[in-house]
Amino acid sequence: NMEINIKKIGETKINGVRYHLAKPESYKEAYFEWTALPLITPFQHSEIMNGILQGWHHTPVFSEIEYHEDYEQFYFFQGDCFMYFVDLKDGTPDLSTSQIVYIPEGTQLDIAPNKGHFIAVADKDTFKAMVTSPKQDAPRIQLAETVKGVF
């Protein structure tokens with residue numbers, strides 16, 4: 001098994017991932033408030049879907065990844081979590097590029113096409129994220145060895 005140090009998302013560069021940590025600006029009137037998320041994602045396809053992802057707490061250990069042919073955007077709106085990223089070289093995860101990052105509530109991020117990643121795990125009890133992406137497949141690849149995040 002491979003162990004890697006978990007880093008805070010704002011303290012490391014992740015190839016193929018953009019993120020925004022600052023609180024977004026809001027516009028408010030008498031009976032509504034609009035908060036636009038700042039990252040604009042350059043989706044390649046026009047059939048866009050949204051969903052809510054909920055994850056629960058467990059040890060940040062990853063044995064497989066997924067990837068997509070187009071971007072995937074996340075907005076983590078409840079709870080903090082850990083997420084695994086890895087580069088693909090010739091369709092195979094390059095474990096030397098493995099990163100596990102701590103993502104605080106309120107973070108928005110884009111994952112580039114063909115960037116290996118896996119579903120986040122909650123730091124405490126649970127997290128929730130809004131996910132936006134084109135309608136696309138999510139092929140999975142088993143890692144050559146399990147990757148565990150440590151502090």
Side-chain angles (χ1 to χ4, degrees), residues 1-26 35-44 48-151:
N1 290 351
M2 177 180 178
E3 289 189 350
I4 59 174
N5 288 324
I6 296 171
K7 296 185 177 165
K8 292 181 181 175
I9 195 166
E11 297 173 355
T12 188
K13 179 173 179 359
I14 308 166
N15 183 39
V17 178
R18 295 185 313 149
Y19 52 86
H20 184 83
L21 294 170
K23 185 167 174 32
E25 295 290 317
S26 294
T35 303
L37 301 177
L39 288 182
I40 306 301
T41 307
F43 295 122
Q44 301 167 38
I48 305 298
M49 62 183 186
N50 290 292
I52 302 298
L53 173 65
Q54 181 169 9
W56 289 272
H57 176 77
H58 73 83
T59 305
V61 173
F62 300 89
S63 59
E64 64 181 330
I65 55 114
E66 67 178 24
Y67 64 95
H68 311 286
E69 67 178 20
D70 201 344
Y71 280 88
E72 188 173 35
Q73 183 190 93
F74 290 77
Y75 178 64
F76 296 91
F77 64 88
Q78 181 184 356
D80 302 341
C81 59
F82 303 98
M83 196 164 184
Y84 176 66
F85 298 100
V86 65
D87 290 342
L88 296 178
K89 294 216 170 108
D90 300 320
T92 301
D94 177 1
L95 292 182
S96 71
T97 66
S98 291
Q99 292 175 274
I100 298 175
V101 293
Y102 177 82
I103 300 173
E105 178 179 304
T107 301
Q108 181 188 14
L109 63 81
D110 275 350
I111 301 175
N114 300 307
K115 175 67 176 183
H117 62 282
F118 205 67
I119 296 15
V121 299
D123 179 31
K124 304 289 188 222
D125 294 333
T126 189
F127 80 88
K128 287 186 180 178
M130 182 177 75
V131 182
T132 305
S133 78
K135 182 180 173 186
Q136 60 186 340
D137 290 333
R140 290 189 180 187
I141 300 173
Q142 290 293 322
L143 298 175
E145 63 181 292
T146 300
V147 179
K148 178 180 181 181
V150 294
F151 290 99

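All values below come from the heavy atoms of this structure, side chains included, with hydrogens, waters and symmetry mates left out.
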A.B. asks: Can you name the nearest heavy-atom pair linking Val86 to Ser98, along with the distance?
C.D. replies: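 Heavy-atom minimum between the residues: CG2-OG, 3.9 Å.
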A.B. asks: Working to the nearest 0.5 Å, report the span between OG of Ser133 and OH of Tyr71.
C.D. replies: 13.5 Å
A.B. asks: Return all side-chain donor-acceptor pairs below 3.5 angstrom for residues 3-16, not counting sequence neighbours, or 'none' if the list is empty.
C.D. replies:
| unit_1 | atom_1 | unit_2 | atom_2 | d |
| --- | --- | --- | --- | --- |
| Thr12 | OG1 | Gln99 | NE2 | 3.4 |
| Asn15 | ND2 | Asp87 | OD1 | 3.3 |
| Asn15 | ND2 | Asp87 | OD2 | 3.3 |

A.B. asks: Which distance, rounded to the nearest 0.5 Å, do you find between the CD1 of Ile65 and the CG of Leu143?
C.D. replies: 6.5 Å
A.B. asks: Just distance, no hydrogens or angles: give the donor-acceptor pairs under 3.5 Å from side chains in residues 119-131, sequence neighbours left out.
C.D. replies:
| unit_1 | atom_1 | unit_2 | atom_2 | d |
| --- | --- | --- | --- | --- |
| Thr126 | OG1 | Gln54 | NE2 | 2.9 |
| Thr126 | OG1 | Gly55 | O | 2.8 |

A.B. asks: Set out, in order, the CA-CA distance, both residues' side-chain angles and the distance that settles side-chain contact (heavy atoms from CB on, under 4.5 Å) for Tyr67 and Ile141, then state yes or no.
C.D. replies: CA-CA 9 Å; Tyr67 64 95; Ile141 300 173; 3.7 Å; yes
A.B. asks: side-chain contact (heavy atoms from CB on, under 4.5 Å), that's the test. Do Val101 and Val17 meet it? Break it down for me.
C.D. replies: CA-CA 11 Å; Val101 293; Val17 178; over 6 Å; no
A.B. asks: Walk me through it: do Ile111 and Phe85 pass the test side-chain contact (heavy atoms from CB on, under 4.5 Å)?
C.D. replies: CA-CA 9 Å; Ile111 301 175; Phe85 298 100; 3.8 Å; yes
A.B. asks: What is the distance from atom CD of Gln108 to atom NE2 of His20, rounded to the nearest 0.5 Å?
C.D. replies: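 Reported to 0.5 Å precision, the distance equals 7.5 Å.
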A.B. asks: Taking salt bridge (Lys or Arg N to Asp or Glu O under 4.0 Å) as the definition, give me every residue that meets it alongside Asp80, ordered by chain and number, with sequence neighbours left out.
C.D. replies: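 For Asp80, no residue satisfies salt bridge (Lys or Arg N to Asp or Glu O under 4.0 Å) once neighbours in sequence are set aside.
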A.B. asks: Does His68 reach the main-chain N or O of Asp137 with its side chain, forming a donor-acceptor pair under 3.5 Å?
C.D. replies: yes
A.B. asks: Applying side-chain contact (heavy atoms from CB on, under 4.5 Å), can you list everything that pairs with Gln44, at least two apart in sequence or on another chain?
C.D. replies: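 Once residues adjacent in sequence are excluded, the partners of Gln44 under the side-chain contact (heavy atoms from CB on, under 4.5 Å) criterion are Asp70, Pro113.
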A.B. asks: Who pairs with Thr59 by side-chain contact (heavy atoms from CB on, under 4.5 Å), at least two apart in sequence or on another chain?
C.D. replies: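 Counting only residues at least two positions away or on another chain, Thr59 forms a side-chain contact (heavy atoms from CB on, under 4.5 Å) with Val61, Lys148.
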A.B. asks: List in chain and number order the residues that pass side chain to side chain donor-acceptor pair (under 3.5 Å) with Thr41, two or more places apart in sequence or in another chain; answer none if no residue qualifies.
C.D. replies: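 Result, side chain to side chain donor-acceptor pair (under 3.5 Å) vs Thr41: Gln73, Asp110.
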A.B. asks: Kindly compute the distance separating CG (Asp94) from NZ (Lys89), expressed to the nearest 0.5 Å.
C.D. replies: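 NZ of Lys89 is found 4.0 Å from CG of Asp94.
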A.B. asks: Got a second to check how far Cys81's SG is from Glu105's CD, nearest 0.5 Å?
C.D. replies: 10.0 Å
A.B. asks: Would you mind listing every ring pair (Phe, Tyr, Trp, His ring centres under 6.0 Å) that reaches into residues 128-151, with sequence neighbours excluded?
C.D. replies: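 Only Phe82-Phe151 qualify under ring pair (Phe, Tyr, Trp, His ring centres under 6.0 Å).
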A.B. asks: Test side-chain contact (heavy atoms from CB on, under 4.5 Å) on Phe74 and Thr107 and set out the steps.
C.D. replies: CA-CA 8 Å; Phe74 290 77; Thr107 301; over 6 Å; no
A.B. asks: Name all residues meeting the salt bridge (Lys or Arg N to Asp or Glu O under 4.0 Å) criterion together with Glu64; count only those two or more places apart in sequence or in a different chain, and write none if there are none.
C.D. replies: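 Glu64 satisfies salt bridge (Lys or Arg N to Asp or Glu O under 4.0 Å) with Arg140 once adjacent residues are dropped.
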A.B. asks: Could you work out, with side chain to side chain donor-acceptor pair (under 3.5 Å) as the rule, every residue matching Ser26, not counting sequence neighbours?
C.D. replies: Glu33, Thr35
A.B. asks: Quick one: ring pair (Phe, Tyr, Trp, His ring centres under 6.0 Å) partners of Tyr84, sequence neighbours excluded?
C.D. replies: Phe62
A.B. asks: Could you tell me which residues satisfy side-chain contact (heavy atoms from CB on, under 4.5 Å) with Ala144, sequence neighbours excluded, listed by chain and number?
C.D. replies: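 Scan of Ala144 (side-chain contact (heavy atoms from CB on, under 4.5 Å), adjacent residues dropped) gives Leu95.
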A.B. asks: Between atom CG of Leu39 and atom OH of Tyr75, what is the distance when rounded to the nearest 0.5 Å?
C.D. replies: 11.0 Å
